[in-house]
There are 2 protein chains.
Amino acid sequence: MNSNTYQNTKELIATAGLKATHPRIAVLHELLTNEEHPTAEQVHTALQPNNPSVSLGSVYRILEKLVEVGLARPVASRNGLKRYDARTDSHSHIYAVNTEEIQDYYDEELNDLIKGYFDKKKISNFKITEVKLQINGEKADPDKKVTIV
Amino acid sequence: MNSNTYQNTKELIATAGLKATHPRIAVLHELLTNEEHPTAEQVHTALQPNNPSVSLGSVYRILEKLVEVGLARPVASRNGLKRYDARTDSHSHIYAVNTEEIQDYYDEELNDLIKGYFDKKKISNFKITEVKLQINGEKADPDKKVTIV
DNA sequence: ATTCTAAATAGGAATAATTCTTATTTACTG
DNA sequence: CAGTAAATAAGAATTATTCCTATTTAGAAT
Ligand SMILES: [Mn+2]
Ligand SMILES: [Mn+2]
Ligand SMILES: [Zn+2]
Ligand SMILES: [Zn+2]
């Protein structure tokens with residue numbers, strides 16, 4: 001789908017106008033690879049094996065910078081932890097309350113449905129940038145995957 | 001709309017099977033009154049004038065307890081702060097990125113639309129408890145209210 | 001109304017999460 | 001291959017939240 005090599009990630013960063021440092025490449029690469037909408041801490045942990053020199057403080061700082069330049073987005077979460085997403089297109093999230101997993105969800109039909117609705121309804125003094133769904137529920141078997149059928 | 005006296009709040013707590021202590025009544029009353037989906041700290045600050053004896057630690061503990069018994073709900077937020085809501089019915093949120101304000105949104109038509117959609121779509125290994133919208137955007141004039149027209 | 005008691009609280013200590021500071025390193029520029 | 005501004009590592013500091021425990025309190029039982 002998305003060719004996600006080191007080189008490719010490096011270019012994404014450079015194209016965004018940032019110095020393509022090794023810590024930045026490592027963090028963005030991890031975020032692009034990791035589907036779990038991780039916290040800074042989780043990204044840092046994931047980097048340990050191959051990039052043990054990247055500090056936790058840098059991961060925090062880099063994630064914020066990636067958001068700033070549009071290469072990542074903050075994910076709304078209800079437990080007081082900051083989580084991040086490398087998907088920057090508008091999409092929805094399936095949130096499993098029991099496992100705290102957040103999974104992407106996108107469907108064109110749903111998108112059109114909501115878009116159609118908000119073309120009619122008007123909210124004054126507010127400029128909508130995005131409408132997304134938060135699908136809350138419980139993962140039946142926590143060990144198995146959630147799949148859209 | 002919702003008669004929200006001290007006495008009424010007290011009954012809500014008692015009916016939920018909790019000891020109706022003064023700190024609990026004060027916290028829930030504030031949460032019912034405050035439309036801003038406040039943090040524990042904000043609730044505590046709001047209580048200062050009339051209930052200075054309620055400690056911050058208690059506010060944290062009480063809010064979690066209210067969630068536990070279904071008198072309050074956690075609100076998804078993207079800045080790493082826990083925010084709470086006394087509205088326990090399923091409703092959506094308008095989130096102003098610039099002011100970090102969260103405002104309720106509910107519309108029957110929208111509700112039906114989404115319900116209809118998810119009656120068809122099936123997600124396996126997942127039990128949906130609720131689908132809500134996160135309407136993100138910017139408040140044009142931060143000093144004025146956002147209104148649904 | 002008074003006593004009893006389990007549960008809840010205040011206050012402060014402890015921990016977890018995040019940001020800040022600064023000396024050193026590094027990626028780009030020429 | 002310098003030179004330089006920007007970024008980083010490491011650890012200190014701050015902020016957010018939870019935990020601990022002596023004291024208080026709401027409600028139940030006299
Ligand atoms: Mn936190
Ligand atoms: Mn936090
Ligand atoms: Zn996502
Ligand atoms: Zn709400």
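Predicted, not measured: the structure shown is a model, and the values here were computed from it. Side chains are part of it too, since the values below use all heavy atoms of this structure and drop only hydrogens, waters and symmetry mates. Note on naming: letters A, B, ... go to the chains in the order of the sequence lines (proteins, then strands), and numbering restarts at 1 for each one.
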| query | Checking all strands, does B:Arg61 fall into the base, sugar-phosphate, or nothing category for heavy-atom contacts under 4.0 angstrom? | reply | base

| field | N or O in side chain of A:Thr21 less than 4.0 angstrom from C:dT26 OP1/OP2 | value | no

| message | Just the rounded figure in Å: distance from C1' of C:dA17 to CZ of A:Arg83. | response | 15 Å

| query | Should B:Tyr6 and B:His22 be marked as a side chain to side chain donor-acceptor pair (under 3.5 Å) after you check the CA-CA gap, both sets of side-chain angles, and the distance that decides it? | reply | CA-CA 10 Å; B:Tyr6 183 92; B:His22 181 64; 3.1 Å; yes

| request: Mind calculating the distance between CG (B:Asn51) and C1' (C:dA8) to the nearest angstrom? | output: 16 Å

| request: Check whether the side chain of A:Lys82 and the base of C:dT18 form a donor-acceptor pair under 3.5 Å. | output: no

| message | Can you measure A:His22 atom NE2 to C:dC28 atom P for me and round it to whole angstrom units? | response | 13 Å

| message | If you compare every side-chain N and O of B:Ser55 against the phosphate oxygens of C:dA10 (OP1, OP2), does one of them come in below 4.0 Å? | response | yes

| remark: A:Leu56 atom CG is separated from D:dA9 atom C1', nearest whole Å, by 11 Å

| request: Let me see the working for B:Glu64 and B:Arg61 under salt bridge (charged side-chain N to carboxylate O under 4.0 Å, His left out), right down to the final yes or no. | output: CA-CA 5 Å; B:Glu64 280 307 308; B:Arg61 186 170 23 74; over 6 Å; no

| query | Across the strands shown, which category fits A:Ala40 at heavy-atom distances under 4.0 angstrom: base, sugar-phosphate, nothing? | reply | nothing

| task | Check the pair A:Arg87 / A:Asp89 against salt bridge (charged side-chain N to carboxylate O under 4.0 Å, His left out), numbers first and verdict last. | result | CA-CA 6 Å; A:Arg87 271 192 68 172; A:Asp89 65 321; 2.8 Å; yes

| note | To the nearest angstrom, the NE2-P distance between A:His44 and C:dA16 comes to 17 Å

| Please give, in whole Å, the distance from D:dT17 P to B:Tyr84 OH? | 8 Å

| message | Classify A:Ser53 by what it touches in the nucleic acid, base, sugar-phosphate, or nothing, heavy-atom distance under 4.0 Å. | response | sugar-phosphate

| field | Cationic N near anionic O, under 4.0 Å, B:Glu130 to B:Arg73 | value | yes

| Would you say B:Tyr60 reaches D:dT18's phosphate, i.e. side-chain N/O to OP1/OP2 under 4.0 Å? | no

| Short side-chain N/O contact to D:dA9 OP1/OP2 from A:Ser58, under 4.0 Å | yes

| request: Report yes or no: is there a donor-acceptor pair, N or O only, under 3.5 Å between the side chain of A:Lys19 and the base of D:dA7? | output: no

| query | Could A:Lys120 and B:Glu109 be called an ion pair, given the rule that one side-chain N must be under 4.0 Å from one carboxylate O? | reply | yes

| message | With nearest nucleotide decided by heavy atoms, which residue, A:Pro23 or B:Glu64, maps closer to the 5′ end of DNA chain D? | response | A:Pro23

| task | Look at A:Thr39 and C:dA17 and indicate whether a side-chain polar atom (N or O) is within less than 4.0 Å of OP1 or OP2. | result | no

| query | Is a salt bridge present between A:Lys145 and A:Glu35, judged by a nitrogen-to-oxygen distance below 4.0 Å? | reply | no

| request: Let me know the distance between CD1 of B:Ile13 and C1' of D:dG27, rounded to the nearest Å. | output: 15 Å

| Between A:Lys65 and A:Gly57, which is nearer to the 5' end of DNA chain D once each is assigned its nearest nucleotide? | A:Lys65

| query | For B:Ile25 and C:dT9, what is the distance between atoms CD1 and P respectively, to the nearest whole Å? | reply | 10 Å

| query | Of B:Asn79 and B:Arg24, whose nearest nucleotide on DNA chain C comes first from the 5' end? | reply | B:Arg24

